[in-house]
Amino acid sequence: MPATLNDYMSKHQNDSPEDISKLKSLFNGTIYIIRQVLGNAAFRAYSREKGAYMEKFSPTVYDSIVVPFSYFSKNSLMRHADEIREKITDIILNDKEYANYVEKSTSSKSSVIGRITKIYNAILTCMSDNDLSGEKRIFSPSIKAALYYDGYVCSYCGNKILHIEDAEIDHTIPFSLGGVTDISNAQLLHRHCNREKSNNMSENDDWTIDEDDE
Ligand SMILES: [Zn+2]
């Protein structure tokens, strides 16, 4: 998630190159979406002297792209594919700082973090607030207080929610169907109604529910 990139970076800034390469393999699931957005030149460096993309796969360009992409949802990335492609292509072709990060002392901490952060920030500028709130699934607790009023009716059971402590925040349009996590898509349900609602949705997905599970 975007807000945690700094935490992530500080957690991993002292990783050895071996650790970093292990981390990279965790991001392989992101490759498909990167190919969709960036096309076949996705992981190739650009040579200024030759004025062309290099034939060979570049591991440094690779990590600078795979790590940031893994922080955004597939939907958000696809929605802004053209903008993202343009921004990243511009960096690969024209950004001297980026060129140093992918070509010189490529496994140094500052190069790894530098190139990843540059691509991450480029993607971030293409995203709208809606995309970013859509990335997270948990509502901030302040939304509950903002929504609640005396006599608020639970839309699951149709009864009033008598105390704010009995309420939980629910996605009106389910998160799994692309509903965003902000106040425009939030409603309050009784705690037990919210649980029942999500159990019912899970049953529809053929998930097994443990009866005793609270
Ligand atoms: Zn209810």
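Numbering of ligands and ligand atoms starts at 1, following listing order. The first residue of the sequence shown is numbered 1, and numbering continues consecutively from there.
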Query raised in the report: Could you go step by step and tell me if D182 and S184 meet the side-chain hydrogen bond (donor to acceptor under 3.5 Å, both in side chains) rule?
Result: CA-CA 6 Å; D182 69 25; S184 68; 2.5 Å; yes
Requested in this report: Verify salt bridge (charged side-chain N to carboxylate O under 4.0 Å, His left out) between D82 and R85, making sure each step is shown before the conclusion.
Outcome: CA-CA 5 Å; D82 291 342; R85 186 184 314 114; 3.0 Å; yes
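Two residues are said to be in side-chain contact when any heavy atoms from C-beta on lie closer than 4.5 Å; I34 and L77 fail this criterion. A heavy-atom distance below 4.5 Å is not found between the side chains of K74 and F69.
Listed by first and then second residue, the ring pair (Phe, Tyr, Trp, His ring centres under 6.0 Å) pairs that reach into residues 177-196 are H190-H192, sequence neighbours excluded.
Within the protein, the number of N/O/S atoms found under 2.8 Å from the Zn ion (ligand 1) is 4.
Atom CD of Q36 has more than 12 neighbouring heavy atoms from other residues, nucleotides or ligands inside a 6.0 Å radius.
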